[in-house]
Amino acid sequence: MLGVAVPSLKAGGGRVAVGGRRRPLARGREGAVRASCPHLPGRSCWRPRVPPRRPRDMPEEAGFPPAKRFRPGSGPPSRAGSFRPGGRVVMLLTPGSGGKGGGGRRQQPPLVQPSVSPYPEAVELQRRSLPIFQARGQLLAQLRNLDCAVLIGETGSGKTTQIPQYLYEAGISRQGIIAVTQPRRVAAISLATRVSDEKRTVLGKLVGYTVRFDDVTSEDTKIKFLTDGMLLREAISDSMLRKYSCVILDEAHERTIHTDVLFGVVKTAQKKRKELGKLPLKVIVMSATMDVDLFSQYFNGAPVLYLEGRQHPIQVFYTKQPQHDYLHAALVSVFQIHQEAPSSQDILVFLTGQEEIEAMSKTCRDIAKHLPDGCPSMVVLPLYASLPYAQQLRVFQGAPKGYRKVIISTNIAETSITITGIKYVVDTGMVKAKKYNPDSGLEVLAVQRVSKTQAWQRTGRAGREDSGICYRLYTEEEFEKFEKMTMPEIQRCNLASVMLQLLAMKVPNVLTFDFMSKPSPDHIQAAIAQLDLLGALEHKEDQLTLTPIGRKMAAFPLEPKFAKTILLSPKFHCTEEILTIVSLLSVDSVLHNPPSRREEVQGVRKKFISSEGDHITLLNIYRTFKNTGGNKEWCKENFVNSKNMTLVTEVRAQLRDICLKKQMSMPILSSRGDMESIRRCLAHSLFMSTAELQPDGTYATTDTHQPVAIHPSSVLFHCKPACVVYTELLHTNKCYMRDLCVVDAEWLYEAAPEYFRRKLRTAKS
DNA sequence: GAGCACTGC
């Protein structure tokens, strides 16, 4: 496999060395402090040695470029472009401390590298030694008078830990809490822990956090870290966000669907509070160096403040020719680096998915066994989200002396997991991502090119502690053709949940809601149609509002169709069972399927399988898990992912609590072994996701007659039931139905006679 | 007939 086509790499645009500890400061506009930014011109070529055809032929000295043979050129989108003409700009230099680390979730520690907690005195000293501290007064003077500000700061600028404290110390929180949102729960927890330490307080008092299943706040809490989704949920019961004096939207450049909706929510809340003469709401958008103009424009030309962080220089190489086989190119690159670089320098490779990663890991291990003497040994570590937790943790352990760590990862290592010690990044430029087609309403999961932003994010993983090197397995010309930024999530997903939430907040017109990046009208319309089918909407005088059912649906942290399933379940006397099934469907699969132990898995799983489909099978697994005391040992023996199973238990408890609330008035009954009523309940709520067996033995969806197939992971894979409901359609090579339940066609017509009459009519014409 | 990026409430 090795040595067929060699990717030859050439030096190209390198990341600008934005850092340096302290570079001379120059006076900028309006007296702001501005740092000079070196651009190193020129470029040169680098040709790696041809790798050997077979491992045992590997030459002992494969050439690797000495650093002087290349020079970094243009870097990521320059900060010059970040400035709005006439905008007030503050620039600072900060070393990279005060970052994210440490902390602990109660049920399970977050997947971050443990950090040693310094002594309290040292913490305060360290805080004061941050250059951001020198600009504290200037920064506060600006922020104090602004309703809105956009704050640009690179990784390690310390903005997320320091700014909330500055605002607190300036008394901003006297009339309301300072909220800091994060896209990920681990980040919210570890940041709260860090800031609480810095303030020398007990976590949950002055500084706290709120994430799903875990609220560590009290009446004393003035600085609150929370996930963006959590603040959005709070906005349902209080759209003016009255508790808060300031909302900081951090990591805004990631453009998660929740942050995007929050942009509109805080903007509306701010305006409303102003109109009503209430306490003003301060909004601070924090981001890496992207999309500044967009943020600033959206918030009525809010000033942009710039914080410079410490970023070690990273050299970037592109291939000379396009690579048709990026896997092969990655393999070659890894072994070229491996033969040249000291073994203490680790390599991070970005691939697209589990299968690819496992295959590549195996190949690397095989090749590494046959390397010549004198070549370092290699520890190959796969990394992806569905990998069991214990195995994920291994990427943080140091390799034994003389061993090099090679981490082969999905985009999970782009943002979610930070690994120290990475010197080399190998970027294939590919990612597996969901695309949404509003015409068909289908989500397609496909391997595609990364965006420029994403490529720079990957590159940045090489320069966390020291200078680094990034090999891009595509040409510079190809890179120039990449999309500038990843399409915001809100333009790529089904919007039913978002629309339900906006309606629950009583947004006057969801069709014209002020999104920063508007989803297409078709896209919004599709979501409205879906909610309408579920009986959530009322049309009154051109105004869309929620029905009582719709309001109840919004109370569940679930996809609308699953919320509806729960709400229908009392009618079928099976709420106990439906709560379990919905919980199982709303987390990652509890089934662990290591490909190497397939037969073993099949043997063990047999006892749970129900001919009625996946939902009932999952229910059987959950019940046995509970009846046997639900321990880890059982999980291991039965190839069940215990982490996800624990999560199912938590979700179920939360959903049950919601059902028991007064306004829900839901009896929680069990069907007592009557599986048919459970299937009827599923048929009544998922009637728009059904497929029927065709005369030729294939399946087609009932509504649009789209050809579909049973996913190989389904217990019904080898069966041919006449009619099924499914919970998800997944487009990969084919259009697959996942999580199926056998139903009676008659139940469907019974559930939605009008819908099916209409569908039949359109089918005939 | 043969397969699943990543978050989050």
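No experiment lies behind these values; they were computed from the predicted model shown. Lettering follows sequence order; numbering is per chain, from 1.
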**Message:** For B/dC9 and A/Arg185 - does any side-chain N or O of the residue sit under 4.0 Å from the phosphate oxygens OP1/OP2?
**Reply:** yes
**Asked** Should we say atom CD of A/Glu355 is surrounded by more than 12 heavy atoms from elsewhere, each under 6.0 Å from it?
**Response** no
**Asked** Which of parallel (below 30°), tilted (30 to 60°) and perpendicular (above 60°) describes A/Trp456 and A/Phe479?
**Response** perpendicular
**Message:** From the set B/dC6, B/dC9, B/dA2, return the single nucleotide nearest to any side-chain atom of A/Pro712.
**Reply:** B/dA2
**Message:** Please pick, from B/dC9, B/dT7, B/dC4, the nucleotide with the shortest atom-to-atom distance to any side-chain atom of A/Thr227.
**Reply:** B/dC9
**Request:** Indicate whether OP1 or OP2 belonging to B/dG3 is found under 4.0 Å from a side-chain N or O atom of A/Tyr736.
**Result:** yes
**Fill in**
Which of B/dC9, B/dG1, B/dT7 is nearest the side chain of A/Glu489? It is B/dT7
**Fill in**
Out of B/dC6, B/dG1, B/dG3, minimum distance to the side chain of A/Lys720 belongs to B/dG1
**Prompt:** Quick one: which of B/dC4, B/dT7, B/dG8 gets closest to the side chain of A/His258?
**Reply:** B/dG8
**Request:** Name the residue closer to the 5' end of DNA chain B, choosing between A/Ser497 and A/Arg492 according to the nucleotide with the nearest heavy atom.
**Result:** A/Arg492
**Prompt:** Which nucleotide in the list B/dC6, B/dC4, B/dG8 gets nearest to the side chain of A/Ser713?
**Reply:** B/dC4
**Request:** State which of B/dC6, B/dC9, B/dG3 makes the closest approach to the side chain of A/Pro557.
**Result:** B/dC9
**Prompt:** With a 4.5 Å limit on heavy-atom distance, are the side chains of A/Ile710 and A/Tyr699 in contact?
**Reply:** yes
**Message:** By nearest heavy atom, map A/Asp588 and A/Tyr699 onto DNA chain B; which one lands nearer the 5' end?
**Reply:** A/Tyr699
**Message:** Before we go on, tell me: are the rings of A/Tyr326 and A/Tyr474 under 6.0 Å apart, centre to centre?
**Reply:** no
**Prompt:** Choosing from B/dT7, B/dC9, B/dA2, which nucleotide comes nearest the side chain of A/Arg233?
**Reply:** B/dC9
**Request:** Could you tell me whether the phosphate oxygens of B/dC4, OP1 or OP2, come under 4.0 Å of any side-chain nitrogen or oxygen in A/Asn593?
**Result:** no
**Request:** For residues A/Leu716 and A/Pro721, determine if any side-chain heavy atom of one lies less than 4.5 Å from a side-chain heavy atom of the other.
**Result:** yes
**Fill in**
Regarding the side chain of A/Lys734, the nearest nucleotide among B/dC6, B/dA2, B/dA5 is B/dA2
**Request:** Kindly point out which of B/dG3, B/dA5, B/dG1 is positioned nearest to the side chain of A/His718?
**Result:** B/dG1
**Item:** Phosphate contact (B/dC6 OP1 or OP2) by A/Thr410 side-chain N/O below 4.0 Å
**Value:** yes
**Message:** What's A/Ala385 touching, base or sugar-phosphate or nothing? Going by heavy atoms closer than 4.0 Å.
**Reply:** sugar-phosphate
